[in-house]
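Values below: every heavy atom of this structure, side chains too, minus hydrogens, waters and symmetry copies. Numbered from 1 within each chain, the chains take letters A, B, ... in sequence-line order.
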Protein chains: 2
Amino acid sequence: MRSDDLPSVRALALFAAMSDESFDTLMQGAFLQWFPPQVTLIEEGHIADFLHVVVDGAVEMIARHGDRETTMAIMEPISTFILAAVLRDSVHLMGARTLARSRILMIPATGIRDAMARDPAFTQAIVWELAGAFRGAVKALKSAKLRTGVERLANWLLVAHDQQGGRGVVRLTIDKRTLAALLGMTPENLSRAFATLRRHGVEVEGREITLAQPSELRRLARPTPLIDDPSL
Amino acid sequence: MRSDDLPSVRALALFAAMSDESFDTLMQGAFLQWFPPQVTLIEEGHIADFLHVVVDGAVEMIARHGDRETTMAIMEPISTFILAAVLRDSVHLMGARTLARSRILMIPATGIRDAMARDPAFTQAIVWELAGAFRGAVKALKSAKLRTGVERLANWLLVAHDQQGGRGVVRLTIDKRTLAALLGMTPENLSRAFATLRRHGVEVEGREITLAQPSELRRLARPTPLIDDPSL
DNA sequence: TCATTAAATTGATAAACATCAATCATTGGG
DNA sequence: CCCAATGATTGATGTTTATCAATTTAATGA
């Protein structure tokens with residue numbers, strides 16, 4: 001790993017408070033690598049060898065069962081995935097695949113566990129990270145259980161809208177098939193959901209989506225921070 | 001809190017490795033209390049004041065949105081709930097209600113955070129607990145997204161069967177309405193799912209369920225450790 | 001034991017969602 | 001620019017699930 005990448009890695013919340021010694025030890029065995037799109041990074045069911053950190057790009061967390069596949073989450077910079085499997089020295093419950101050209105930091109699982117045992121500040125950061133991951137999964141489960149597909153899309157759009165500056169336009173950074181899988185529906189039903197939302201001011205042109213009547217959309221979506229607020 | 005309850009609390013994995021000093025400080029402000037069934041312990045959206053530990057009984061984690069309600073998990077002894085909200089000093093994403101007469105240990109959230117800051121062994125135990133909770137939520141989400149209702153019931157029965165000694169009978173410890181909500185369906189559809197499973201050797205008599213043809217049920221259920229193994 | 005209430009089951013119907021297929025639109029490579 | 005491949009949309013149909021209502025069963029309290 002090139003030494004000019006180190007400061008930006010160090011600035012990540014997970015690593016910021018740990019000691020210099022711990023950080024240097026950890027980075028000895030780590031590597032930061034570019035991957036093209038559609039590369040499988042980890043396989044569901046395999047033992048976790050590395051902690052992965054998305055530094056650039058995007059990674060799709062995938063779950064499969066029989067002939068069925070779903071998208072569990074999209075990891076964007078700067079975020080880790082598979083931390084729990086690493087800490088428990090266990091198997092991945094999900095696979096991961098790059099959605100775009102991505103730069104991924106990979107840190108040996110043993111190094112993470114060793115550093116955690118030695119550096120309390122690092123452990124505290126891990127606690128913070130895990131608590132956030134757990135709450136993210138709870139919110140996803142709530143959405144899946146309490147909302148219809150159309151409602152999930154509407155709320156997804158409102159969140160994306162806020163994250164993109166709230167100027168009436170949402171630019172899709174993922175293809176619609178992946179969005180459908182993330183929202184727990186078929187691509188066909190995503191198209192239909194968009195058609196349903198047309199009456200609520202949602203205009204779709206390829207990857208650009210205009211929210212012409214945001215309050216109308218909000219009325220249908222019924223957002224709640226307890227599901228939709230990424231910071232909660 | 002009576003001092004003869006302390007040893008069994010101390011033996012909980014979360015507290016076992018922490019120092020005596022930390023444990024004593026934590027237990028100063030804690031209390032262990034019996035609650036009758038159907039008592040709301042925490043409300044969704046409220047700030048987390050206490051960490052809760054189910055010592056006896058059972059607690060249902062509930063999520064609500066509008067006029068809809070679902071069961072997110074059933075917490076049985078010995079388990080904690082709401083740890084992530086405590087650690088992040090944030091609001092509950094779920095409510096909790098006793099399902100049976102339950103003995104609950106309540107520890108002030110500030111005490112938990114203080115102890116975590118001071119006692120690395122406690123922090124390590126928290127990491128272990130959080131990692132498990134996250135993986136539990138991921139498995140629940142996978143089940144919700146990848147399986148039909150009938151399949152979820154079938155797998156739930158197989159897991160319960162194993163946990164109850166694998167002798168061909170499952171005894172329901174919760175009412176069927178709650179089981180339905182846990183599995184993400186209406187009570188009516190739970191009845192229908194049981195009727196569907198009759199052809200796979202599942203005989204229902206009130207709260208007692210006989211698995212007359214376990215391998216037939218297994219063939220329909222298609223269990224996978226990556227969703228169904230409680231230890232993974 | 002009996003009456004009342006609550007839970008569970010069953011039936012009918014509607015809504016949400018998936019599957020399959022055909023067509024259209026977009027993208028990427030030669 | 002053209003063509004092939006891929007993604008998206010639309011239509012038809014089937015499946016899963018929810019809702020509503022009626023009936024049956026089980027549990028509870030006096």
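- Of the candidate nucleotides dC17(C), dA8(D), dT10(C), dT10(C) has the atom nearest to the side chain of Arg198(B).
- We find that CG of Leu183(B) is positioned 11 Å from P of dT17(D), with the value rounded to whole Å.
- Taking the side chain to side chain donor-acceptor pair (under 3.5 Å) definition, one finds that Glu69(A) meets it with Arg64(A), Arg97(A), sequence neighbours left out.
- The interatomic distance linking Gln38(A) (CD) with dT6(D) (C1') rounds to 12 Å, in whole Å.
- Protein atom CD of Glu151(A) is 9 Å distant from nucleotide atom P of dC17(C), rounded to whole Å.
- For the pair Arg68(B) CZ and dT17(D) P, the computed distance is 17 Å after rounding to whole Å.
- Atom CD1 of Ile209(A) and atom C1' of dT9(D) are 14 Å apart (whole Å).
- Between Gly149(A) and Val204(B), it is Val204(B) whose nearest contact on DNA chain C lies nearer the 5' terminus.
- Between Lys145(B) atom NZ and dC17(C) atom P there is a gap of 13 Å when expressed in whole angstrom units.
- A donor-acceptor pair under 3.5 Å links the side-chain atoms of Thr98(B) to the main chain of Pro36(B), judged by distance alone.
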Tabulate atom names and distances for all N/O pairs under 3.5 angstrom spanning the protein and nucleotides 28-30 of chain D.
none

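- The NE2 atom of His65(B) sits 4.5 Å away from the CZ atom of Arg222(A) when rounded to the nearest 0.5 Å.
- Ring pair Phe31(B)/Phe50(B) is perpendicular by interplanar angle, where above 60° counts as perpendicular and below 30° as parallel.
- Contact annotation for Gly206(A): no contact, since no heavy-atom pair falls under 4.0 Å across all strands.
- At the phosphate of dA26(D), neither OP1 nor OP2 sits under 4.0 Å from any side-chain N or O atom of Lys176(B).
- Considering CD1 of Ile104(B) and CE of Met75(B), their distance stands at 10.5 Å, rounded to 0.5 Å.
- Judged by distance alone, with hydrogens and angles left aside, the side-chain atoms of Arg88(B) form a donor-acceptor pair with the main-chain N or O of Trp128(A) at under 3.5 Å.
- Spacing between atom CD1 of Ile174(B) and atom P of dA27(D) amounts to 16 Å, rounded to whole angstrom units.
- Contacts between residues 184-195 of chain B and DNA chain D, defined by a heavy-atom separation under 4.0 Å, are made by Gly184(B), Met185(B), Thr186(B), Glu188(B), Asn189(B), Arg192(B).
- Using a distance-only test at 3.5 Å, with no hydrogens or angles considered, no donor-acceptor pair links the side chain of Arg103(B) to the main chain of Val55(B).
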Inset, instruction - Applying side-chain contact (heavy atoms from CB on, under 4.5 Å), run through Thr80(A) and Leu105(A) and close with a yes or a no. - result: CA-CA 9 Å; Thr80(A) 69; Leu105(A) 172 65; over 6 Å; no
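- If you measure from atom CD of Glu69(B) to atom P of dA18(D), you get 15 Å, rounded to the nearest angstrom.
- Each of Lys142(B), Arg152(B), Arg147(B), Arg218(B) was evaluated against Asp228(B); a single residue qualifies, Arg147(B), per the salt bridge (charged side-chain N to carboxylate O under 4.0 Å, His left out) test.
- Taking every side-chain heavy atom of Arg177(B) into account, dA7(C) is the closest of dA7(C), dT10(C), dT9(C).
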